[in-house]
Amino acid sequence: MTLPEKPDRTDEMLRAVGAVAVETGVPVYAVGGAVRDRLLGHPVLEIDFVVAGNADAPAFAETARRRLRGTGYTVFERFGTCSFLVEPYKLEFAGARRESYRPDSRKPEVQPADLSEDLARRDFTVNAMAMGIRKSDFGDLIDPFDGRSDLAGRILRTPLDPLATFSDDPLRILRAARFAGQLGFRIHPDTLAAMRADRERVRIVSQERLSDEILKMLSQPVPSVGLRILQETGVLEIVFPELSALTGVEQRDDFHHKDVFEHTLKVVDNIARMTDKPLLRFLALVHDIGKPQVKRFVEGVGWTFHNHENVGERMLKRVCGRLKLPNEYLKYSRKLTALHMRPIQLIGGDVTDSAVRRLLFQAGEDIEDLMMLCRADITSGNPRRAEKHLKNFDAVTERMREVEEKDKMRAFQSPVRGEEIMELCGIRPGPAVGRLKTAIEEAILDGLIPNEHDAARDYLLKIKDQALADPPVKTENQ
Ligand code: CTP
């Protein structure tokens, strides 16, 4: 077995903490992901330390912080852990402990334990190794579950009976799927079977932790690996039923449609090759979420998903709320899901400038992201067809650039401003001013008048009496 051991700055950092351990006589070990990643030769930025032998972890951490000139000292009372930064590393210290969730509780119970029990209560054997950091034992592994062999064999397996490990913290069911993607490991069949059997337990995990894990899964280079495992184990149906519902292919006569779940996974993997932006990766995951609701078979035409973008947009309000995602996820994913079919409609020679302008205006600063989604959305297995679609989007992008250049759309607003509207119409500040301004902007977008002050003023004078007399029309978004 040859595993790369890389003496980089991580080792320097570990030795520096080891020196403090020697000086204070406290038994301290590196544990978890840092030990795993160091052995794999992956970069390490966060290092967890276990302060063993019943020693006072916060006291040790404070001494280490002073010696290493750490910054940002933080204590997490509830978990008995402390952390600080020594750029670029984040160091976290905890006493040896066991943490578990009782069947009826959402709050973990933390109890002191010895080092071997601390390791036994961790999630996977490859994460359950401790490493000596003092000069005398530097690099020595305490590896009671043979995590090193699993590292070499690229296997994720729980240290204890998987049902016990998952019962201690059911979030680990999702973590297994995420690590399978992150590390490129396969999940041991017993562990996989327990993920399926114990899946209902994920319901006791707080939504914030579940959503955090889903976003971590999306941040992987190939997010589909973890997502597919969640689907196959039935976990996705619990944590994200709207996505799970995308699975399946229906056939009528000679027509079948694509499996929308498989298509979505391809789109997510495509976008992951293009950008790390978490919002855009989430958008790729949910952009077709409305399809099952609108799926229809039309005789002679085949399967249609008419209006799925608007149904999806409406669903996202509930979905993002339930996932407790930050508000920007809601705003961004709704807006771009609603718009994601629009660039396709701009393909072809007979598209007017005003149609292009309208989309530029509605997408605003997110137009590049929208076009990136459209490109990622091309999942045809036929390379010639895929190439053709890409070329079409190149042409749309070029057209947008031309129109944009023509009238500097991004800074676009009515050339007649609020003050002047009030003066010309003899009205006071109020919603009518905004309505008139929008009417001018719409006329410019529709190409009725040029984007110039005098034309806009004349147009306003022409429509003002009628516009002020008509009651405002409510749109769906109001
Ligand atoms: N751990 C665990 N169960 C959890 C979370 C964490 O047993 N639900 C343990 C594992 O030993 C893990 C360590 O705590 O290695 C640190 O957790 P975390 O920082 O979340 O993961 P890493 O393994 O460090 O991996 P990554 O940073 O890639 O997420």
Side-chain angles (χ1 to χ4, degrees), residues 1-22 26-52 57 60-61 64-65 67-74 76 79 81-94 96 115 118-119 122-135 137-143 145-156 159 172 175-176 178-185 212-213 215-217 219-222 225-226 276 278:
M1 177 176 72
T2 47
L3 287 168
E5 303 234 0
K6 216 168 74 182
D8 62 3
R9 292 207 41 220
T10 305
D11 281 7
E12 252 174 67
M13 189 73 258
L14 291 166
R15 285 182 194 280
V17 178
V20 183
V22 172
V26 175
V28 180
Y29 299 88
V31 283
V35 176
R36 177 198 73 216
D37 286 342
R38 176 181 176 276
L39 288 170
L40 287 170
H42 293 177
V44 171
L45 286 175
E46 281 188 36
I47 312 177
D48 291 326
F49 296 92
V50 166
V51 177
F60 178 81
R65 189 199 61 77
R67 294 282 186 284
L68 306 173
R69 300 196 204 319
T71 56
Y73 188 77
T74 316
F76 305 95
F79 297 97
T81 64
C82 331
S83 69
F84 60 84
L85 301 172
V86 180
E87 289 295 346
Y89 296 99
K90 181 176 176 209
L91 310 182
E92 191 161 323
F93 298 82
L115 182 61
D118 177 296
L119 295 176
R122 287 175 182 263
D123 52 3
F124 305 106
T125 60
V126 295
N127 287 343
M129 295 181 274
M131 188 191 107
I133 54 171
R134 287 165 294 194
K135 207 169 180 184
D137 66 354
F138 191 86
D140 293 352
L141 288 186
I142 300 171
D143 182 15
F145 304 100
D146 206 7
R148 220 181 143 114
S149 293
D150 283 345
L151 263 194
R154 309 177 79 76
I155 293 178
L156 285 166
R172 291 167 173 172
R175 283 171 63 90
R178 192 241 307 170
F179 279 126
Q182 180 174 328
L183 302 172
F185 284 17
D212 193 46
E213 197 53 50
L215 293 183
K216 272 193 186 154
M217 206 173 284
S219 74
Q220 302 304 321
V222 188
V225 177
D276 288 338

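Residues: numbered from 1 along the sequence shown. Worth saying up front: this structure is predicted, and the values here are computed from it rather than measured.
- Ring pair Phe93/Phe84: centre-to-centre distance below 6.0 Å.
- Atoms CZ and CZ, from Phe60 and Phe49 in turn, are 8.0 Å apart once rounded to the nearest 0.5 Å.
- Side-chain contact between Phe179 and Met217 is absent, with no heavy-atom pair separated by less than 4.5 Å.
- Taking every heavy atom of both residues into account, Leu14 and Ile133 meet most closely at O-CB, 3.7 Å.
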Starting from the C-alpha separation in whole Å, work towards a yes-or-no answer on side chain to side chain contact (heavy atoms under 4.5 Å, CB included) for Tyr29 and Asp140. CA-CA 10 Å; Tyr29 299 88; Asp140 293 352; over 6 Å; no

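- The main-chain N or O of Gly72 is never found under 3.5 Å from a side-chain atom of Arg65 such that the two would form a donor-acceptor pair.
- The shortest distance between side-chain heavy atoms of Met13 and Val86 falls below 4.5 Å.
- The shortest side-chain heavy-atom distance between Ser83 and Phe76 falls under the 4.5 Å cut-off.
- Here the closest heavy-atom approach between residue Pro88 and residue Arg9 is recorded as CD-NH1, 4.0 Å.
- Rounded to the nearest 0.5 angstrom, Leu85 CG and Arg69 CZ are separated by 16.0 Å.
- With a 4.5 Å cut-off on side-chain heavy atoms, Val126 and Leu40 do not count as touching.
- Within the 4.5 Å cutoff, no side-chain heavy atoms of Phe145 are placed close to those of Asp150.
- Taking a cutoff of 4.0 Å between a charged side-chain nitrogen and a carboxylate oxygen, Asp123 and Arg175 qualify as a salt bridge.
- Closest of all the heavy-atom pairs between Val44 and Tyr89 is O-CE2, 3.2 Å.
- One finds the CG atom of Asp137 at 8.5 Å from the CE atom of Met131 (value rounded to the nearest 0.5 Å).
- Nearest heavy-atom pair across Leu119 and Pro159 is O-CG, 4.2 Å.
- Of all the heavy atoms in Asn127 and Arg36, the pair that sits closest is OD1-NH1, 2.7 Å.
- Atom CD of Glu46 and atom CD of Glu92 lie 7.5 Å apart (nearest 0.5 Å).
- Of the possible donor and acceptor atoms, none in the side chain of Asp118 sits under 3.5 Å from a partner among the backbone N and O of Val50.
- Considering every non-hydrogen atom in both Arg154 and Gly184, the closest pair reads NE-O, 3.8 Å.
- The closest side-chain heavy-atom distance from Thr71 to Glu87 is not below 4.5 Å.
- The structure places NZ of Lys90 at 7.5 Å from OG1 of Thr74, a figure rounded to the nearest 0.5 Å.
- For the atom pair Asp48 CG and Leu91 CG, the distance stands at 9.5 Å (nearest 0.5 Å).
- Counting heavy atoms from C-beta on, the side chains of Leu141 and Leu39 come closer than 4.5 Å.
- Using a cutoff of 4.0 Å between basic side-chain nitrogens and carboxylate oxygens, Asp11 and Arg15 are not scored as salt-bridged.
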